[in-house]
Amino acid sequence: MKYIIISCLLFVSLKISAQDCTEASILQRPGIWKEGMKGSVSGIPLADLDREKKVVAAIHWVVKSKYTPMGVVADFNGSYDRPYADVPVNLYNYNIYFLHYFCEGNVIKTDSETSTSLTISANRFDPKIYEKPDENNLPGEGFYSIKKMPVEMDGNFFFEEDVGLGMGITGKSRTWLITRDNKLPFTYVTKKEFLEKQKNMLILAMPKAIGDSRENLKARTEQDFKNALAKIETLMKMPSGESDHPAIVKQDTHDYLSFLFTTNDDAFGKVLIKPNPGYFNSKLPRSSPQFFVVNITGNEKEPVAAKVINDLMKNFDFSALKNMLGK
């Protein structure tokens, strides 16, 4: 299943004459709102598209009522995915690309592209929350995964990570997952489920691996699988209270057939997930937002971006978005 996210970062530069243009004056210069390019809406039923556009318009009002652009052009638009048969809801976004003002001599100009952005997505978190792994083409872990486990914060789920912004520049990506009743639209795979899947995968893979090995390596390959299975059998004896914990795993660098349990702060860890069909209310229209994902990304070492991020986060109205769920 493929997802199409349409985003446009190239815009026409805006030139504004100014006197004594400085970084400080840029930060104090009122910005403007500008409606950006519209993406494709082909393949979306008109009734769905009409409701989705109303949701996007309502999100824009929520953001605009709390945030005033300074030092930037706030270029906003909505983007809409055509429905996917294997996804119970429609996916669509509200996007803002913050085009920075900058000084060229004593002339204020507008950047033509940016890495400073706000995206508010309806029903879109990670494509893998909607699909089960193909049993004929399983990931090594046996399940799909996300990089980090969100942490509950003020009634929402939050996580952040360092991201590349291009040209060797890094920045912060902050994400809030806004859901109903403090539930998640996916579930975590338990350690017990992971170990059971790994055991089955090894048992199924062992005969072929041995058969494909060179004659002088067959015994070694067989022993490798037996050792990996023995590790799993030992781990499966862990207390039930521990075996029911979410599985966060990483490859064992000393054993190509084994994984290690690790923690959420491990850069090499993967948080294993599976779909949670029970989260979604099938009586609602597909176009109804059943959860929102808010993402703010930018380089806080750059003054204009830092101001945008701070101003957005300072007054962001998460409650207004939560009240829109299921409508």
Side-chain angles (χ1 to χ4, degrees), residues 1-6 43 81-91 121 123-150 159 161 163 175 177 184-214 217-218 220-233 235-236 243-262 264 266-280 286 291 293:
M1 177 173 57
K2 296 182 179 179
Y3 294 81
I4 300 173
I5 304 177
I6 301 174
D81 289 16
R82 65 178 63 193
Y84 300 97
D86 49 353
V87 176
V89 287
N90 290 355
L91 315 178
S121 304
N123 305 324
R124 187 198 308 278
F125 176 61
D126 185 296
K128 299 177 182 65
I129 71 170
Y130 293 113
E131 55 185 299
K132 296 179 181 178
D134 180 357
E135 291 297 322
N136 297 315
N137 187 27
L138 288 170
E141 299 80 15
F143 297 90
Y144 289 135
S145 63
I146 56 178
K147 291 181 179 179
K148 291 288 182 183
M149 181 183 292
F159 57 95
E161 58 181 327
V163 293
T175 301
L177 179 57
L184 289 168
F186 58 89
T187 57
Y188 296 117
V189 174
T190 66
K191 291 182 176 181
K192 180 180 179 181
E193 290 175 306
F194 168 73
L195 292 171
E196 290 174 343
K197 175 62 72 70
Q198 283 294 302
K199 179 179 179 179
N200 291 336
M201 290 173 65
L202 287 172
I203 291 172
L204 290 173
M206 184 164 63
K208 185 177 186 307
I210 295 172
D212 290 344
S213 298
R214 297 177 183 176
L217 294 177
K218 289 184 185 294
R220 172 68 179 274
T221 301
E222 182 177 5
Q223 190 59 50
D224 287 345
F225 272 83
K226 287 182 177 179
N227 290 343
L229 285 166
K231 292 178 185 178
I232 289 176
E233 291 293 347
L235 287 169
M236 291 180 77
S243 66
D244 291 336
H245 289 176
I248 306 175
V249 303
K250 65 179 179 181
Q251 184 75 50
D252 186 342
T253 56
H254 301 290
D255 183 352
Y256 70 100
L257 293 174
S258 296
F259 289 86
L260 301 172
F261 290 122
T262 186
N264 196 43
D266 190 327
F268 298 99
K270 295 183 178 181
V271 181
L272 304 186
I273 62 170
K274 60 183 181 178
N276 180 16
Y279 175 87
F280 297 94
R286 287 179 58 96
F291 67 87
V293 172

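Index from 1, following the sequence. The model shown is predicted, which means the values in this text are computed figures rather than measured ones.
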S.K.: What I'd like to find out is whether the side chain of Pro185 reaches to under 4.5 Å of the side chain of Leu177, using heavy atoms alone.
M.R.: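 Pro185 vs Leu177: side chains touch.
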S.K.: Could you tabulate the donor-acceptor pairs under 3.5 Å formed by side-chain atoms of residues 135-147, not counting sequence neighbours?
M.R.:
unit_1, atom_1, unit_2, atom_2, d
Glu141, OE2, Lys270, NZ, 3.2

S.K.: I need the single residue from Phe280, Phe125, Tyr279 that forms a ring pair (Phe, Tyr, Trp, His ring centres under 6.0 Å) with Tyr130. Which is it?
M.R.: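 The passing option is Phe280.
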S.K.: Do Phe291 and Phe186 have ring centres separated by under 6.0 Å?
M.R.: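 No - the distance between ring centres of Phe291 and Phe186 does not fall below the 6.0 Å cut-off.
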S.K.: Could you tell me whether the side chains of Glu196 and Asn200 share a donor-acceptor contact shorter than 3.5 Å?
M.R.: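 Side chains of Glu196 and Asn200: no pair found under 3.5 Å.
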S.K.: State whether the number of non-hydrogen atoms from other residues, nucleotides or ligands found under 6.0 Å of Tyr256 atom OH is greater than 12.
M.R.: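 Counting other residues, nucleotides and ligands, OH of Tyr256 exceeds 12 neighbours.
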S.K.: For Arg124 and Val293, work out which heavy atoms get closest and say how close.
M.R.: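 Scanning both residues, the minimum pair turns out to be O-CG2, 3.2 Å.
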S.K.: Should Lys231 and Asp255 be marked as a side-chain contact (heavy atoms from CB on, under 4.5 Å) after you check the CA-CA gap, both sets of side-chain angles, and the distance that decides it?
M.R.: CA-CA 11 Å; Lys231 292 178 185 178; Asp255 183 352; 2.6 Å; yes
S.K.: Quick one: closest heavy-atom pair of Asp244 and Thr190, and the distance?
M.R.: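 Minimum heavy-atom separation between Asp244 and Thr190: O-CG2, 3.5 Å.
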S.K.: Ignoring hydrogens, what is the shortest heavy-atom contact between Val89 and Arg286? Give both atom names and the distance.
M.R.: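 Scanning both residues, the minimum pair turns out to be O-NH2, 3.5 Å.
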S.K.: Quick check: closest heavy atoms across Met149 and Val271, and the distance to 0.1 Å?
M.R.: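 Shortest heavy-atom contact: N-CG2, 3.7 Å.
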S.K.: Take Asp266 and Ile248 through the side-chain contact (heavy atoms from CB on, under 4.5 Å) test and state the conclusion after the steps.
M.R.: CA-CA 9 Å; Asp266 190 327; Ile248 306 175; over 6 Å; no
S.K.: Distance-only, no hydrogens or angles: does the Lys191 side chain make a donor-acceptor pair with backbone N or O of His245 under 3.5 Å?
M.R.: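 Side chain of Lys191 to backbone of His245, a donor-acceptor pair under 3.5 Å: no, none is there.
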S.K.: Can a donor-acceptor pair be found, under 3.5 Å and without considering hydrogens, that links the side chain of Asn123 to the backbone of Asn90?
M.R.: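 Flag set: sc Asn123 to bb Asn90 pair under 3.5 Å.
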S.K.: Assert yes or no for the condition that the ring centre distance of Phe261 to Phe194 is strictly below 6.0 Å.
M.R.: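 Centroid distance Phe261-Phe194: below 6.0 Å, so yes.
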S.K.: Could you walk me through whether Leu272 and Glu193 satisfy the side-chain contact (heavy atoms from CB on, under 4.5 Å) test, starting with their C-alpha distance in whole Å, then the side-chain angles of each, then the deciding distance to 0.1 Å, before giving a yes or no?
M.R.: CA-CA 10 Å; Leu272 304 186; Glu193 290 175 306; over 6 Å; no
S.K.: Atom NZ of residue position Lys199 - does it have more than 12 heavy atoms of other residues, nucleotides or ligands inside 6.0 Å?
M.R.: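 Not more than 12 within 6.0 Å, no.
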S.K.: Has the side chain of Lys148 got a donor or acceptor atom that lies under 3.5 Å from a matching backbone atom of Asn264?
M.R.: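 It does hold such a pair.
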S.K.: Return the set of residues passing side-chain contact (heavy atoms from CB on, under 4.5 Å) with Ala209 (not counting sequence neighbours), or none when no residue passes.
M.R.: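 Thr221, Phe225.
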S.K.: Measure from the side-chain N and O atoms of Lys192 to the backbone N and O of Met236, and report whether any donor-acceptor pair falls under 3.5 Å.
M.R.: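 Such a contact is absent between Lys192 side chain and Met236 backbone.
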